[in-house]
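Everything below concerns the one structure shown next.
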Amino acid sequence: MRPALLPQSRVPESRDAPAFRWGIMGPGWIAERFTESVQAHTGQVITAVGSRSLSRSKAFAEAFNIPAAYGSYEELAAAADVDIVYVCTPHTVHHASAVLAIDAGKHVLIEKPLGLNAREAKDIAARAGAAGVFAAEAMWTFFLPKFDVIRQLLEAGTLGSITTVVAEYGEHFDPAHRIFC
């Protein structure tokens, strides 16, 4: 049996979210995609970028019209005009980067993976809780409107008893992309 109408997504419009002042920690390819999306589709404000290389940070800031560029992650974490840090450093330093920002009293959104193992993830969660700041993994798909509609259908029992799910998720990468190296 097919429902007459699908439920409406309850995911709020991205432009309706309260604006925060964001700092980008690690100006790489993923940070570029994030910054493009934030600037095009939200009211959020990216106020600073930090890198281990001041020249990379400055180039990123110039490319995206970001007012402040720092030559270290420590400087970014200490910046008074940053409320939340988007951690997109190399995976091996996600934990250290997140802890640096949390210890500075900043909220953190950490690119996948949150940590290299359960111990790192639990440590980030415990530190954020103790500091009273928000910490999350940047699992954007969770917030897509279609997944809220699916959750509503499942919660209402509209689809009946689910016994098997077959799903695929794919993404196109150019053969020169770092994922193939």
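Just so we're clear, the structure is a prediction, and the values are computed from it rather than from any experiment. Residue numbers start at 1 and run along the sequence shown. Any value given below was found using the heavy atoms of this structure, including those in side chains, with hydrogens, waters and symmetry copies removed.
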Using side-chain heavy atoms (C-beta onward) and a distance below 4.5 Å, is I24 in contact with T35? yes
Test item: side-chain donor near acceptor, S14 and T42, under 3.5 Å: no
All salt bridge (Lys or Arg N to Asp or Glu O under 4.0 Å) counterparts of E32, not counting sequence neighbours: none
Side chains of S53 and S55, donor plus acceptor under 3.5 Å: yes
Kindly give the cluster partners of V45, where membership spreads through any ILVMFWY side chain lying under 4.5 Å from a current member. none
Which heavy atom in A101 sits nearest to a heavy atom in A77, and how many Å separate them? CA-CB, 4.2 Å
Determine whether more than 12 heavy atoms belonging to other residues, nucleotides or ligands lie under 6.0 Å from atom CD of E155. yes
Please confirm whether the backbone N or O of V38 pairs with a side-chain atom of Q44, one donor and one acceptor, at under 3.5 Å? no
In one Ile/Leu/Val/Met/Phe/Trp/Tyr side-chain cluster, 4.5 Å: I84, V99: no
Using the test salt bridge (Lys or Arg N to Asp or Glu O under 4.0 Å), find all partners of R119 that sit at least two apart in sequence or belong to another chain. none
For residues 128-140, which residue pairs qualify under side chain to side chain donor-acceptor pair (under 3.5 Å), counting only residues two or more places apart or in two chains? none
Near N65 CG, under 6.0 Å, is it more than 12 heavy atoms from other residues, nucleotides or ligands? no
Counting distance only, does the side-chain N/O of H107 pair as donor-acceptor with the main-chain N or O of F134 below 3.5 Å? yes
Evaluate the side-chain contact (heavy atoms from CB on, under 4.5 Å) criterion for residues I66 and F60: first the C-alpha distance (whole Å), next the side-chain angles of each, then the deciding distance (0.1 Å), finally the verdict. CA-CA 8 Å; I66 298 170; F60 190 95; 3.7 Å; yes
Starting from L153, can I reach V165 by hopping between I/L/V/M/F/W/Y residues whose side chains sit under 4.5 Å apart? yes
Results of ring-ring contact (aromatic ring centres under 6.0 Å, His included) for H95 - residues two or more places apart only: none
Looking at L54 and A69, what are the two nearest heavy atoms and their distance? CD1-O, 3.9 Å
List the atom of Q152, the atom of P7, and the distance in Å for their closest heavy-atom pair. OE1-CB, 3.2 Å
In the hydrophobic clustering that connects Ile, Leu, Val, Met, Phe, Trp and Tyr at side-chain heavy-atom distances below 4.5 Å, which members other than V11 occupy its cluster, ordered by chain and number? none
What I'd like to find out is whether the side chain of H91 reaches to under 4.5 Å of the side chain of P113, using heavy atoms alone. yes
Aromatic ring centroids of W29 and F34 under 6.0 Å? no
Just grab all the salt bridge (charged side-chain N to carboxylate O under 4.0 Å, His left out) pairs involving residues 37-65, residues at least two apart or on different chains. none
ILVMFWY cluster membership beyond L116 - transitive side-chain contacts under 4.5 angstrom: none
Using the salt bridge (charged side-chain N to carboxylate O under 4.0 Å, His left out) rule, collect all pairs that involve residues 103-113, keeping only residues at least two apart or in two chains. D103-R127
In the structure I gave you, are the side-chain heavy atoms of N117 and E120 within less than 4.5 Å of one another anywhere? yes
Side chain to side chain donor-acceptor pair (under 3.5 Å) filter on S57, not counting sequence neighbours, yields none
Would you please test F20 and L109 for side-chain contact (heavy atoms from CB on, under 4.5 Å) and show each step? CA-CA 12 Å; F20 287 94; L109 180 63; over 6 Å; no
Filter on salt bridge (charged side-chain N to carboxylate O under 4.0 Å, His left out), then keep only pairs touching residues 75-85, sequence neighbours left out; what's left? R21-D83
If you link I, L, V, M, F, W and Y whenever their side-chain heavy atoms are under 4.5 Å apart, who else ends up in the same group as V108? M25, Y70, Y73, L76, V82, V85, V87, L100, I102, I110, L114, I124, V133
Heavy-atom donor-acceptor pair, D148 side chain to R10 backbone, under 3.5 Å: yes
Minimum-distance pair of heavy atoms, taken over all atoms of A138 and Y86: CB-CE1, 4.2 Å
Closest heavy-atom pair and its distance - A31, G26: CB-O, 3.3 Å
Which pair of non-hydrogen atoms, one from I30 and one from C88, has the smallest distance, and what is that distance? CG2-CB, 4.5 Å
